[in-house]
Structure formats: C-alpha cells, structure tokens
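The block underneath contains the structure these notes are about, expressed in structure tokens.
Just so you know, these numbers come straight off a predicted model, no measurement behind them. Read the numbers this way: they start at 1 and go in the same order the structure lists the ligands and their atoms. Both backbone and side-chain heavy atoms feed into the values below; hydrogens, waters and symmetry mates do not.
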Amino acid sequence: MLRRFRPYLRYLRSNRATLTAAIFYGLLFGATNGLGLPLLIKYVFPVIFDRTGPHAMPMADVVLIAATVPMLFLLRAVSSFLNSYYTQLTGVRILEGVRLDFFRKLQVLPLSFLQRESSGDLLSRGIADSSQLQSTLTLIANDGVKQPMALLGALGFLVWQAFTTDGALTVLVCLAIVPLAVLPVHYVGKKVVHRARQVQDQLGDVSSQLNENLSAAREVRAFGLEARETERFGQATNLLIIAQMKVVKYAQALTPAIELISAVGIAATLIFAYYAGVKLETFLSIITALYLCYEPIKKLGYLNSELNRGVASLSRLEYVLDEPVTITDPAAPVSVTRLRGDIAFHDVTFAYGDSPALKQVSARIPAGTVCALVGPSGAGKSTFANLVPRFYEVAAGGVTIDGIDVRAMRLADLRRNIALVSQEPVLFNDTIFNNLLLGDVTASREAVLAAARNAHAHEFIEQLPQGYDTMVGERGALLSGGQKQRIAIARAFLRAAPILILDEATSALDSESEAAVQDALRHLVVGKTVLIIAHRFSTIRDASMILVFDQGKIVASGDHAALHAGNALYKALYDRQTAGK
Ligand code: ADP
C-alpha cells in the first residue's frame, strides 16, 4: 500500500534536509522511548532499592540516579517535538505540491472534462482530499519512523532479557502474544479503506450541493426553493455523517481491542512469573517493555487505517491528476506569429457524447469577414465557434486558419490570435483596470484607457467612486450586465487579435447600454474576421456573410437579402425575431 504514495515523495526532493531531520529525531525518540525506560527500571532504579545499609549511598549519587528520569524524558520530549515539527513542515510542503499540481492540471484539462464533472466535487478534491493526503503523509513520516523504532527498542530489550535473565520462558510467552495484537489492525485496515472512499465522495457531494446552491441564489429565492434546498443539503450531510461514523466505529474499536489483548498478555506474564520465580524488577521491566510494545502497535494500527483513508483520497486526486490532457501542443508546431484570419472548416464532425453536434460541416470565412451564425437553439452554432480556438478537438475533418490546421500550431500561438466576448462575460474579483488588462497583460495604462474609451466603458468607469481602481466583486457582481459587456469588449479591443468570436447576449440590456454596446461592437469588428453567434436581427443584417445552422449542419449561406428570399428556415427565424421586436 505504501507503494501508492511513492510518486508523491518527489515533492520532498527539494526539502531533503527537513525530512532527514524529521527521521533523525524520530529515531532518537523511538530509542529513548522503547529502550530507555525498561533499561532504567532494570538497571538504574534497583541501585536505590538494593540497600546494604540505611543511607549508605552519598546523597549526590541518589540525586544523580533520580535525575536520569527527567533527563531521559527531556531527551524524549525534545526529540518528539523536533520530530513532529519537521514532519509537519514536510507535510505542508507536500500538500502545497499536490495542490499546485492539481490546480495546474485544472488549467490544461479539456473543457469537456470540466463540464462533465461537478465543480463542487472538484473543489472538494482539491481542498478536502489533498488535506487528507497531507495528514496521512505526515502521520506516515511521523509514526512511520517513531513507532517501529519504539517497537524494535522494546522488543530488543525483551529478547535480550530472554537470554540473560532467569525466566526466559516467561518472556517468550509474552512475546508470543504480541503478534496477536496485530490481528485487529489487519482487520480494521481492510474495513476502513472502502468506507473512507465513501466519506470523501460524500464530502464531494456536500460541497457540490453547496456550490450549486450558492451559484443559484437568485433562482432559489425567486422560485421559493429555500426549504427544498435545505432538505436536499440536509440529506447529503446526513449521508456524510453516516459514512463518517462507520469509519469512526472501526478506527476507534482498534485501541480498546489492542489494550484488551495486552491486558491478557500481562495476566499471562503474571502467571508464568509466579511459577518461574521471576524477581519483581525483572517482572516490572518486562511489563514496561511489553506495554511499550503494544503502544507502537496501537499507533501503527491507527496509522494503518489512516493510510487507507489516504489511499482513498489519493485515488480521488489521481482521478484528476491522471486524466489525459487531450488538447496539447503538437510535437513539431508550425511557427505562427500573427494570423490573417482566413478560417476554413473541412468536413468537420464533432460530438460531445454519442450524438454528433456537428456533422461534416464545411465552410470558408475569408479574412476580414463579419460572419453571423444563425439557427435554432442547439443547432451547433456555439460548437462551431468553439472549434476555432480548439476548445474541443474535432472527431473528423479539420479546422484551418490561413491554411494551417489549428492542431499544427501551439495552443498559445493560436489563442493569442483570437479574442472572445462571451454572452455573460466573467470578471475576476479585482480592480476594473486589472480586469481590462487581461486582454493583453503587457499593455500600457494609456492603451488600457484607449480600449475602454473605444468600448464606451471609460465614461461609466470614471463615474465610479474609485474609477479604474474599483473592485468589481466576485464574477463582476457589482457591475450591471451592460457594463460587464463593455468591459469584455474593451478587453477584446486591447487584445487586437485578427479573429473575434462574439457570443451576442440574448438578454435585453437597457436601451442606453444597448446603444453603447452596439456602437462599441461596430467599431470592434472593423478589419477582423468575426464569428458572431447572433441573436439580434440588426446584427445579422449588418453581417457580410451568414451561415444558417440546423441540426448540426450548415443548411444555407449567403447575405441577408439572398437568404431571406431563398431559405425558408432563415426567413422563419428572421421574421419571428422581427415580429417579436
Ligand atoms: P447552439 O449554439 O446552436 O445553440 P450548441 O453548439 O451549443 O448549439 O449545441 C449543439 C448540440 O450539442 C446541442 O444538441 C447541445 O445539446 C449539445 N451540447 C452543447 N454543449 C454541450 C456540452 N458541453 N456537452 C454535451 N452536449 C453539448
């Protein structure tokens, strides 16, 4: 089982000194703990009680002998402290490594993976499972060294006594009981592993419900779902508690079981001691050593069940860490700087799951064209647009820009040539200025301000209390929809990429915002190849090219006049929209 953890020891590579210190003090602790006390009882204390006459020993000697006890415990205390300190340090460093790797992986995983998994559960894997792994690894580093050492020390003492003292038989009998104490450890370990996995899965469930609820706060209030949501959450936490208590049951039964077995061991030793005529100090030192044997077994037993929990968490983390990154840079990328933006789809087929979302789609959008994608919802417009920045990988066919397959370019090169304005732009909880800067992190302050002016965002930003330094709140919650859109447009201005993908907002903005957004967009599209997932007839009419989608296929293309005259689906869509206005 320990082998499962081996790959993670790489996180320790840069912290070898810390780990070495931890192990050294662990060994020291083990020796003082397992061997020290029995030695004192057997060889040091008897000097005090072995009186030939009253007060024959000088006072200084008596004090010196007595002082061996605190000295031993001082050594034990210091080594225990340093061992724990350094192992904790090792543990947090491992945790940091695992969390960073996990996060790094989330940055590159295909979008399809992130859409398939619940984000709350991923959150729980990143936080709860990695901290479970940390506590397991610290415990391994800690007790994994200390306890076997203590056990060896105590066992060593017992074996030594067996050969040097009368009543060796007694000792051997006592020893025979030690392996018995390992039985419950083995049993509990087997029980815990699969239950620990349940706990972590359930924790993921609780976390995903919490996450979902928080992101639907408005809907919950609007539809009066408060009680239903609370009940659902209550059910999830209840299942979590049940799973947790199962682990508690097994893990906590372990210590009493081992203690009971050790009590039987002591009783057996007493009986044999009586018949073998063992002296009291021999008996006491043996009992102490015996006790010191059980103590590490108890701790190792706990370690074993903790190890099983660690394995459960590890497999949940590895589920993400080992997920193949399917969309990667090619081995020999075509060097690309600035593309012109001549986009072509060649017989592209793509499916999210089983049924294809695009079926053998071919199209050519010459550089500098403003192309509107229209069609009923679910027809494949977004999918079409998402294949250009290679957010997904085509199943068959290919997408080229300027004649170069997107799979032949470095992802960073490809995406640097594309600006994206989504329907509901997401802002980071940072200042407006920094949010704008995301368009091009190397841009100067003047360039950022110019982009904001072009996007008609400058005016409203200036009116905010802290201007460009205003914090926008989580996901930009403190700004209106129209304001967020203008910030997204300003980002796209700043990016100055030759290709622009625009997912037009379906929700209506107030007319003033609407006019500002439309005007900003009109300026933004100039000189670029633009794909607009269009919902407004004004946008569609202005486009120089229109692709009509239906059920994963392009069923018609042309300009507005031609399509309105010649395509029934387009005419129906268009007339319905204009009628709704
Ligand atoms: P449109 O943009 O025209 O409304 P989409 O391109 O979003 O259509 O969707 C095309 C088809 O693919 C639809 O049947 C939709 O249900 C499906 N689809 C879209 N996104 C996903 C996804 N992330 N996972 C699975 N299926 C999806």
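- Between Tyr392 and ligand 1, no pair of N/O atoms sits closer than 3.5 Å.
- At least one side-chain heavy atom of Leu317 sits under 4.5 Å from a side-chain heavy atom of Val98.
- Between Phe493 and His523, a ring centre-to-centre spacing not shorter than 6.0 Å is recorded.
- Of all protein heavy atoms, the one closest to atom 2 (O) of ligand 1 is Ser382 OG, 2.4 Å.
- The only option from Val374, Ile540, Asp503 that meets the side-chain contact (heavy atoms from CB on, under 4.5 Å) definition with His535 turns out to be Asp503.
- Heavy-atom separations between Gly375 and ligand 1 are all 4.0 Å or longer.
- Protein non-hydrogen atoms do not reach within 4.0 Å of atom 16 (O) of ligand 1.
- The protein heavy atom nearest to atom 22 (C) of ligand 1 is Tyr352 CD2, 3.4 Å.
- Atom OG of residue Ser362 and atom CG of residue Asp347 lie 4.0 Å apart, to the nearest 0.5 angstrom.
- No side-chain heavy atom of Gln134 sits less than 4.5 Å from a side-chain heavy atom of Leu137.
- Using a 4.0 Å heavy-atom cutoff, Gly353 is absent from the residues neighbouring ligand 1.
- Within the 4.5 Å cutoff, the side chain of Met409 has no heavy atoms near those of the Pro330 side chain.
- When hydrogens are left out, the protein atom nearest atom 8 (O) of ligand 1 is Gly380 N, 3.2 Å; that is the closest non-hydrogen contact.
- At the top of the distance list for atom 23 (N) of ligand 1, counting protein heavy atoms only, stands Gln115 OE1, 2.9 Å.
- Set against the non-hydrogen atoms of Ser377, the atoms of ligand 1 under 4.0 Å away are 4 (O).
- Closest protein heavy atom to atom 1 (P) of ligand 1: Gly378 N, 3.5 Å.
- Aromatic rings of Tyr392 and Tyr352 (six-membered ring for Trp) have centroids within the 6.0 Å cut-off, being under it.
- Residue contacts with ligand 1, taken as heavy atom pairs separated by less than 4.0 Å, involve Lys381 via backbone and side-chain atoms alike.
- Nearest non-hydrogen protein atom to atom 9 (O) of ligand 1 is Thr383 OG1, 3.7 Å.
- In this structure, Glu318 places its CD atom where more than 12 heavy-atom neighbours from other residues, nucleotides or ligands lie under 6.0 Å away.
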